[in-house]
Structures are given as structure tokens and as C-alpha cells.
Number of protein chains: 2
Amino acid sequence: MDLQERMKRFEETCRRQGLPVTVQRRAVYEALASRKDHPTADELYDAVSRRLPGISRTTVYRVLETLVKMGLAIKVDHPGARSRFDANATDHPHAVCLACERVFDFEVRDFDLGDIPEQLPDGFQVTGVTVVVHGYCPFCRAALEKNRG
Amino acid sequence: MDLQERMKRFEETCRRQGLPVTVQRRAVYEALASRKDHPTADELYDAVSRRLPGISRTTVYRVLETLVKMGLAIKVDHPGARSRFDANATDHPHAVCLACERVFDFEVRDFDLGDIPEQLPDGFQVTGVTVVVHGYCPFCRAALEKNRG
DNA sequence: CTAAGTGCAAAGCATTTGCAGGCTT
DNA sequence: AAGCCTGCAAATGCTTTGCACTTAG
């Protein structure tokens with residue numbers, strides 16, 4: 001799906017849900033949808049600020065929250081790190097670099113979690129499963145090895 | 001493993017790692033090891049305060065950090081919630097209740113993540129995999145259904 | 001004795017909230 | 001016109017830090 005399609009879908013979703021299409025919302029969504037990494041709210045604030053100098057950090061936070069509720073984005077959290085956002089709202093696993101905290105997507109072929117629910121506490125109703133891989137990304141690995149000398 | 005064994009192991013681990021066995025450390029570890037749920041730092045602070053009235057929240061935080069480094073505890077984080085701690089330091093999946101934020105352990109039979117690494121970004125070095133199931137625990141489910149009435 | 005641990009108070013950081021005014025529909 | 005959205009500034013909540021004192025080994 002390219003950016004134009006995404007913007008179109010964004011506006012449709014807003015209308016369908018009765019939410020005003022504001023400049024700020026469009027700008028934040030566009031900033032998020034046009035990158036492949038998983039920016040933090042602040043990184044998005046920086047990016048959006050360039051095009052929309054008056055926008056406030058608060059608004060970026062609020063718009064991101066809205067996008068998540070609308071189903072147009074996913075919020076990715078992990079230990080001790082700021083939240084990151086992903087315009088790819090389909091359920092998919094993430095790989096997190098322990099050094100730089102960057103988040104990477106990856107696809108899974110045959111990742112069957114079908115039988116997990118059986119092992120849960122009696123009566124636990126499952127709504128989703130999150131899989132996170134931690135480790136070191138190629139960039140940080142290289143840097144670490146260099147330092148070891 | 002029962003509490004006594006755990007306390008013994010705790011002291012041995014301290015000695016092996018050259019860390020003083022302080023009253024506070026023992027108290028925090030004992031408080032954590034003797035419960036089956038996954039308390040937050042603050043819940044532990046409350047519990048420990050009863051036996052050791054002078055202890056400070058800061059110390060509880062610091063001790064927990066130390067326990068994690070020592071390999072005697074695990075820190076469990078998730079979106080928008082306070083960190084929780086688990087004296088069961090072996091790698092195992094958690095189920096998180098979206099309503100009360102409680103964390104539940106569960107075991108997996110044949111949970112093979114063996115082929116995930118192949119799908120990762122080139123050169124990503126995996127150190128661990130976290131699996132989190134979200135949903136509603138039996139208690140909150142019951143409460144929610146009641147409210148729907 | 002010496003290094004490490006502790007308590008207090010204050011700082012830090014990401015995120016949220018209250019409120020007055022502005023913009024979409 | 002009506003209501004939701006925005007910006008500002010201040011508050012929040014969890015967690016960390018600086019510093020002087022105490023304690024374990």
C-alpha cells in the first residue's frame with residue numbers, strides 16, 4: 001500500500017468514525033505512514049514540526065492515541081523505552097535492539113500460537129498475543145565489536 | 001523450590017557475586033519470593049515496610065534492579081503499566097489482564113520459536129524471545145459481564 | 001577499615017490533563 | 001452554530017539521582 005492509498009484510507013476511516021480530518025491529524029498520520037521505522041512520539045513531533053511549525057507535542061500524543069483507537073496504527077512498548085508507533089496495524093512480531101532501542105518488523109511463516117490458550121489460567125480470555133525478539137541489530141553489533149577491539 | 005531453598009540460593013548468589021547481604025536485600029527478596037503473583041515495586045515496598053518499617057522506596061527499586069542483574073528475578077513491563085517483578089527467573093511467557101493489569105504465568109509445552117531468527121533483519125543477533133498474551137482474567141471477565149448485565 | 005548500600009529529598013522523563021479559544025462539519 | 005480539536009502550561013506518576021551517613025565483610 002503506497003502513501004496516497006494510505007492517506008485516502010485515513011480520511012475514509014475518519015469520516016466513517018465521525019472524526020474531523022484536521023491538519024494536525026493528517027500531518028501526523030502522513031509522517032508516520034511515510035516512514036519504515038518505528039518512531040517515538042517525539043521523533044514524530046520533530047518530523048511534523050518541520051511541515052507544521054505550530055503543532056504541539058501534546059497534539060502529537062493525542063493524535064497518535066486516536067490513530068491507535070481508529071485501528072490505523074499500533075503502539076509498541078517495551079521495558080524502559082519510550083513508546084514507538086507503527087502505521088502497519090496488522091498483528092506482527094517485532095524485534096527490538098537492546099542497544100539503540102530501535103524496533104524492526106519481521107514476518108513469520110508458520111508461527112502457530114494456536115495451542116497457547118490451553119495452557120493459560122482457567123478462564124483467561126485471550127484477545128491477542130505479542131511476540132518480541134530482543135537482541136542486537138546489525139548496526140549496534142558492529143559498533144560493539146569495534147569497541148571490544 | 002520452597003522459600004528456604006530460595007533464601008539460601010539468594011545468599012549464595014550474593015556471596016558468589018561479592019555483594020553484601022543486607023537486611024533490606026534479604027527482606028525484598030523474601031517478599032518477592034514468597035508470593036505467587038507479580039507485584040509492582042510499590043506493592044513490594046508496602047509488603048516489606050511492614051517487616052522493616054524504615055526501608056525507603058528508593059531502596060526497594062534499587063534492590064529489585066540488583067536482583068534482576070543477579071539473575072534472581074525478572075522484570076515484566078508492558079504498555080502503560082508499572083513494572084512488575086517475578087522471582088521465577090527462568091524464561092517463560094506471561095499473560096496480562098487488560099483490565100486489572102495483573103500478570104499470570106503459564107507454561108508452554110511445545111513452544112518452538114526455533115525458526116524465527118531466520119526471518120529477522122539480516123545480521124540481527126537474537127538474545128531472547130518474549131511472548132505475552134493479553135486478554136481478560138477470570139476475575140475481570142466476571143466483573144465485566146456483570147456490568148453488561 | 002573500606003567499599004558498597006541506604007535514606008532522604010529533589011530531579012527526571014515521558015505522558016496526561018484542565019482550560020480557553022479555534023477549526024471542521 | 002455545535003462539538004470536537006488544539007495549544008499552552010502545569011500536573012502526574014513512576015523511577016532515578018546526588019549526597020551524606022551507615023553497614024557488611
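Given the structure is predicted, the values throughout are model-derived calculations rather than measurements. Just so we're on the same page: letters track the sequence lines, and every chain starts at 1.
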Rounding to an integer number of Å, can you tell me how far [X] [atom1] sits from [N] [atom2]?
X	N	atom1	atom2	value
A:Arg15	C:dT24	CZ	P	12 Å
A:Glu65	D:dC4	CD	C1'	14 Å
B:Leu64	C:dT6	CG	P	11 Å
A:Asp42	C:dT16	CG	C1'	14 Å
A:Arg25	D:dC5	CZ	C1'	6 Å
B:Tyr45	D:dT15	OH	C1'	14 Å
A:Leu19	C:dT24	CG	C1'	12 Å
A:Gln17	C:dT24	CD	P	19 Å

Spell out, yes or no, whether [X] and [Y] are grouped together once hydrophobic residues are joined by side-chain heavy atoms under 4.5 Å, including indirect joins.
X	Y	result
A:Val68	A:Ile74	no
A:Phe106	A:Phe104	yes
A:Leu64	A:Leu52	yes

Of all the choices, [options], which nucleotide is nearest to the side chain of [X] once you look at every atom?
X	options	value
A:Tyr61	D:dA24, C:dC8, C:dA14	C:dA14
A:Ala41	C:dG5, C:dT15, C:dG7	C:dT15
B:Pro20	C:dT6, D:dC5, C:dG5	C:dG5
A:Val63	D:dT16, C:dT6, D:dT6	D:dT6
A:Arg82	C:dT6, C:dA14, D:dT15	C:dA14

[X] side-chain N/O to [N] phosphate OP1/OP2 under 4.0 Å:
X	N	answer
A:Gln24	C:dT24	no
A:Thr22	C:dC23	no
B:Ser56	C:dG7	yes

| field | Donor/acceptor link under 3.5 angstrom from A:Arg62 side chain onto base of D:dG7 | value |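 Check passes, donor-acceptor contact within cut-off.
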| query | Taking atom types as they are modelled, is there a donor-acceptor pair under 3.5 Å from the base of D:dA9 to the side chain of A:Thr58? | reply |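 Answer yes: a donor N or O sits under 3.5 Å from an acceptor.
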| request: Could you check whether B:Thr40 gets within reach of a base, just the sugar-phosphate, or nothing at all, counting any heavy atom under 4.0 Å? | output: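 No contact.
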| task | Would you indicate what A:Gly18 reaches in the nucleic acid, counting non-hydrogen atoms under 4.0 angstrom: base, sugar-phosphate, or nothing? | result |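 Contact class for A:Gly18: none.
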| message | Can you tell me how the ring of B:His38 sits relative to the ring of B:His92, calling it parallel under 30°, perpendicular over 60° and tilted otherwise? | response |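 B:His38 and B:His92: tilted rings.
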| Is B:Lys69 salt-bridged to B:Glu65, cutoff N-O under 4.0 Å? |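 Looking at B:Glu65 together with B:Lys69, the answer is yes, because their closest N to O distance falls below 4.0 Å.
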